[in-house]
Amino acid sequence: MNKQKYLITSALPYINGLPHLGHMVGCLLPSDVYARFMRMQGADVLYICGTDEHGTASEVAALKAGVPVQQYCDEFHEKHKKTYADFNLSFDYLGRTSTEQNKEITYRISSKLMENGYIEEKTIKQIFSVDDNQFLADRYITGTCPYCGYDKARGDQCENCTKVLDPTDLINARSTISGSTNLEVRETKHLFLKLTALQSELKKWLETKEFTWPEVAYSIAQKWLNEGLQPRCITRDLKWGFPVNKPGFENKVFYVWFDAPIGYIGITKQWSDEKPTERNWEDWWLKPDDVHYVEFMGKDNVPYHTITFPATLMGTGENWKLVDYLKGMSYLTFNGGKFSKSEQIGIFCDQAIEEFPADYWRYWLMANAPESSDSSFTFEGFANTINKDLNDVLGNFINRVLKMTTSNFGQQVPDGGVAGDDEEALYTRLDELVGDYTSYMKEMEFRKALGSLREIWVEGNNYIARNEPWKVVKVDKDRAAVILRTAINMIRLFAILSAPIMPDTSKKMLQLLNLPTDNLLWVGASMSEFLTLLEIGHAFNTPELLFSKITPERVEELSIRYKEKKENE
RNA sequence: CGCGGGGUGGAGCAGUCUGGUAGCUCGUCAGGCUCAUAACCUGAAGGUCACGUGGUUCAAAUCCCGUCCCCGCAACCA
């Protein structure tokens with residue numbers, strides 16, 4: 001029997017600067033947790049991510065940094081890679097959208113769309129900056145708002161009075177890139193994807209997702225359909241991107257949002273090309289019935305993944321794999337406001353990892369994931385959760401059990417006695433809780449899943465408190481052996497259940513118990529079997545503290561330090 | 001009347017689709033325990049579920065209507 005194939009993708013982080021905790025919780029981390037969980041379930045998982053590199057934003061960033069855009073992307077790709085490794089993200093492949101592979105797939109898809117009549121040409125008017133020698137996107141034009149007088153209004157919208165603007169409305173319009181006011185309106189020809197022609201097919205497909213997708217994902221998609229789709233421009237007057245493969249358009253490139261989602265496929269091909277004899281990207285993308293495809297993204301990405309990308313694939317007439325389940329996440333806010341890459345507000349992933357171990361962040365972010373609505377980050381809340389859940393409940397349980405065992409029975413799984421009624425009750429309760437936790441993980445209900453995980457830990461402390469082994473050991477050593485033996489087995493249980501969320505901590509726990517740490521499998525057996533697996537006399541190591549508390553002083557210091565904007569990169 | 005999401009004890013959230021005595025975690029207070037990282041366990045206080053003392057109903061946090069507030073998006077920003 002072949003294992004079920006699971007294709008898992010995280011929205012591709014934009015290359016410009018490093019991601020912040022909002023990006024981490026919005027797509028990168030939940031996709032990693034799910035990928036790890038599914039691997040432990042025995043599924044054949046392919047987990048794909050990469051950097052999204054094309055477009056004006058990276059051109060501008062490179063210009064500011066004073067390096068060629070290719071070099072800028074090369075450097076930042078490596079920085080992204082390091083950060084994700086620091087967070088223990090277990091991508092099977094972290095690729096890029098600017099590769100030959102992605103170009104090949106992009107051309108294949110765009111050619112098909114042209115052949116099938118889903119592409120049309122239109123001439124539009126756009127602002128051209130003479131000094132920059134390029135067309136400017138509306139948001140790269142700054143000027144004074146004609147309505148409120150705000151002098152930094154953007155060509156698409158005034159951030160001060162929120163009025164939607166046309167760049168020609170601006171007074172003293174200038175290029176955001178160079179500051180030049182030498183702007184003129186020019187005509188330019190572009191390609192548009194005829195979404196209108198694909199509307200009914202899209203609608204039919206989306207309707208099948210109504211009761212399975214998260215509210216935030218389905219409602220956003222539905223909103224776009226209900227408003228009626230319009231042709232969407234898929235080319236740009238830029239240099240950095242894939243040149244359009246159509247005569248007369250050689251000086252233009254595909255729009256970043258056209259080739260970015262195609263990047264999932266291009267990156268899969270990058271992965272496949274590294275070991276062509278063992279891997280075949282087509283098995284994952286062109287055999288829809290063999291694969292279950294799950295996408296993770298923040299809500300801002302939803303329209304592109306529910307409307308434009310599926311429409312793009314449908315329009316080819318080929319049998320591309322479309323997303324089966326879309327996990328759309330809301331936003332994490334920072335002290336009530338929003339994280340901002342452009343404003344450098346919030347905590348960025350490279351900073352986060354310098355402050356605390358990855359598992360602290362991973363646990364907190366998943367326990368507070370913005371699933372049904374936005375959720376907010378504060379250092380106070382962060383410290384509360386880490387101190388209570390990880391340090392006091394989980395960490396202390398492991399420490400008290402191993403120390404008590406060591407002082408009474410030596411550093412090994414104690415011998416003596418047999419499980420009794422209280423153990424039976426524990427098995428029953430844990431079977432139930434582990435079942436809940438597993439279901440929530442399968443359903444990607446992460447907050448609820450972590451609630452169950454925490455309950456499981458608490459159940460460990462409960463069992464100890466109820467049975468008072470420190471008293472029992474003085475009168476009935478066999479009984480104490482049973483209690484502690486069961487508790488040590490629970491540490492193994494906790495390690496396995498925590499592995500998708502906190503891989504480092506899980507590994508440490510298993511190492512404490514002298515158990516293998518690779519290729520872990522999920523709990524299959526019932527607790528009556530699972531909690532009696534460790535052999536009598538199996539040696540464990542001297543316990544070390546897995547977590548340490550975050551002091552109020554530290555919280556205050558961090559709150560002050562991160563209130564200010566980040567100085568530079 | 002642009003669109004979507006949200007407004008539930010001090011904080012963070014679940015419950016709303018499928019009406020039926022308001023639930024979880026943290027915090028607070030009290031008690032227990034003393035093996036363990038002053039950790040663990042138990043119990044209690046605290047909410048008329050944004051507002052209209054609106055409509056439907058035997059019954060509304062839940063359905064309907066109206067208003068206010070917060071967050072995000074608004075198709076040339078990733």
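What you are looking at is a predicted structure, and each value in this text was computed from that prediction instead of being measured. Reminder, nothing fancy here: chain letters follow the sequence lines and each chain counts from 1.
- Summary of the strand contacts: A:Tyr331 and A:Ser58 both lie near RNA chain B, and taking for each the nucleotide with the nearest heavy atom, the more 5' one is attributed to A:Tyr331.
- Counting any heavy atom pair closer than 4.0 Å across all strands shown, A:Ile124 reaches a base atom.
- Rounded to whole Å, the separation between the C1' atoms of B:rU37 and B:rA45 comes to 30 Å.
- For the OP1/OP2 pair of B:rC73 and a distance below 4.0 Å, the side-chain nitrogens and oxygens of A:Asn301 include no atom meeting the criterion.
- For the pair A:Arg447 CZ and B:rG6 P, the interatomic distance rounds to 13 Å; values are reported in whole Å.
- By the 6.0 Å and 45° rule, A:Arg232 does not stack over the aromatic ring of A:Tyr255.
- As rounded to whole Å, 10 Å separates atom C1' of B:rC76 from atom CG of A:Leu238.
- Heavy atoms of A:Gly381 sit nowhere under 4.0 angstrom from any nucleic acid atom.
- Residue-level contact check: A:Glu380 touches neither bases nor backbone, having no heavy atom under 4.0 Å from any strand.
- For A:Lys403, whose side chain is taken as the heavy atoms from C-beta onward, the closest listed nucleotide among B:rC41, B:rU37, B:rC40 is B:rU37.
- Within 6.0 Å of CD on A:Glu556 lie no more than 12 heavy atoms contributed by other residues, nucleotides or ligands.
- Here, B:rA61 and B:rG19 have their C1' atoms 10 Å apart, quoted to the whole Å.
- Sequence order on RNA chain B of the closest nucleotides to A:Ser407 and A:Thr56 puts A:Ser407 first from the 5' end.
- With C1' as the reference atom, B:rC51 and B:rG6 are 16 Å apart, rounded to whole Å.
- Contacts between residues 477-488 of chain A and RNA chain B, defined by a heavy-atom separation under 4.0 Å, are absent.
- Annotation: B:rA75 and B:rC68 have their P atoms spaced 25 Å apart (nearest Å).
- The aromatic rings of A:Tyr360 and A:Phe547 lie tilted to each other, with the angle between the two planes from 30° to 60°.
- Protein atom CZ of A:Arg232 is 9 Å distant from nucleotide atom P of B:rA75, rounded to whole Å.
- Proximity of the aromatic rings of A:Phe135 and A:His190 is defined here by a centroid distance below 6.0 angstrom, and this criterion is not met.
- Taking atom P in both B:rA59 and B:rG54, one finds a spacing of 13 Å when rounded to whole Å.
- Contact annotation: side chain of A:Asn391 to base of B:rU37, donor-acceptor pair present below 3.5 Å.
- In this structure, A:Asn387 places its CG atom 15 Å from C1' of B:rC40, rounding to the nearest Å.
- The aromatic rings of A:Phe379 and A:Phe382 sit perpendicular to each other, their planes meeting at more than 60°, with 30° as the lower class boundary.
- Separating the CD1 atom of A:Ile398 from the P atom of B:rC40 is a distance of 14 Å, rounded to the nearest angstrom.
- For A:Lys448, whose side chain is taken as the heavy atoms from C-beta onward, the closest listed nucleotide among B:rC35, B:rA14, B:rA36 is B:rA14.
- The listed nucleotides are B:rA36, B:rC41, B:rA75; the one nearest the side chain of A:Asn399 is B:rA36.
- For the P atoms, the distance from B:rG9 to B:rC76 is 41 Å, rounded to whole Å.
- The closest side-chain donor-acceptor pair between A:Thr51 and A:Glu53 falls under 3.5 angstrom.
- In this model, a donor atom of one side chain and an acceptor atom of the other lie less than 3.5 Å apart for A:Ser175 and A:Asp132.
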Given the rule in the ring-ring contact (aromatic ring centres under 6.0 Å, His included) test, do A:His77 and A:His80 qualify, once you have shown the distances and angles that lead to the verdict? CA-CA 5 Å; A:His77 178 77; A:His80 278 253; 7.6 Å; no

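- In terms of heavy-atom proximity, A:Ile141 sits nearest to A:Ala173 at CG2-CB, 4.0 Å.
- The distance from atom CG of A:Leu365 to atom P of B:rC13 is 14 Å, rounded to the nearest whole Å.
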Pairing pattern in dot-bracket form [Watson-Crick, G-U; both distances under 3.5 Å; | = partner strand] for RNA chain B: .(((((((.[[[[.)....(..]]]].(((((.......))))).....[[[.[[..)....]]]]])))))).....

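- The residues A:Arg485 and A:Asp478 are annotated as not salt-bridged, no charged nitrogen and carboxylate oxygen being separated by less than 4.0 angstrom.
- Within 4.0 Å of A:Phe135, counting heavy atoms only, lies no atom of the nucleic acid at all.
- Between A:Lys549 and B:rA38 there is no side-chain N or O to OP1 or OP2 distance below 4.0 Å.
- No donor-acceptor pair closer than 3.5 Å links the side chain of A:Asp504 to the backbone N or O of A:Asp359.
- Checking B:rC41, B:rC76, B:rA39 against every side-chain atom of A:Val458, the shortest atom distance belongs to B:rC41.
- Other residues, nucleotides and ligands contribute over 12 non-hydrogen atoms within 6.0 Å of the NZ atom of A:Lys122.
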Produce the list of close N/O pairs, under 3.5 Å, pairing protein atoms with atoms of nucleotides 31-34 of chain B; give distances to one decimal.
none

Between the protein and nucleotides 24-28 of chain B, which nitrogen or oxygen pairs are less than 3.5 angstrom apart?
unit_1 : atom_1 : unit_2   : atom_2 : d
B:rU25 : O3'    : A:Arg454 : NH2    : 3.1
B:rC26 : OP1    : A:Arg454 : NH2    : 2.8
B:rC26 : O2'    : A:Asn384 : ND2    : 3.4

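- Residues A:Tyr72 and A:Glu59 have side chains that never bring a donor and an acceptor to within less than 3.5 angstrom of each other.
- Checked against side chain to side chain donor-acceptor pair (under 3.5 Å), A:Ser498 has no partners two or more places apart in sequence or in another chain.
- Atom-to-atom, CD1 of A:Ile491 to C1' of B:rA36 comes out at 12 Å; the value is rounded to the nearest Å.
- When the nucleotides B:rC35, B:rU37, B:rC13 are ranked by their closest atom to the side chain of A:Leu545, B:rU37 comes out on top.
- Counting non-hydrogen atoms under 4.0 angstrom, A:Val256 reaches the backbone sugars and phosphates but no base.
- For A:Asp74 and A:Gln70, the side-chain atoms include at least one donor-acceptor pair closer than 3.5 Å.
- A:Lys448 pairs by the side chain to side chain contact (heavy atoms under 4.5 Å, CB included) definition with A:Tyr440, A:Glu445, not counting sequence neighbours.
- Across A:Asn301 and A:Ala11, no two heavy atoms sit closer than the pair OD1-CB, 4.1 Å.
- Going from the C1' atom of B:rU8 to that of B:rC49 covers 4 Å, rounded to whole Å.
- Side-chain nitrogen and oxygen atoms of A:Asn396 include none within less than 4.0 Å of the OP1 or OP2 phosphate oxygen of B:rU37.
- When the C1' atom of B:rA11 is taken as reference, atom CZ of A:Phe377 falls 15 Å away, rounded to whole Å.
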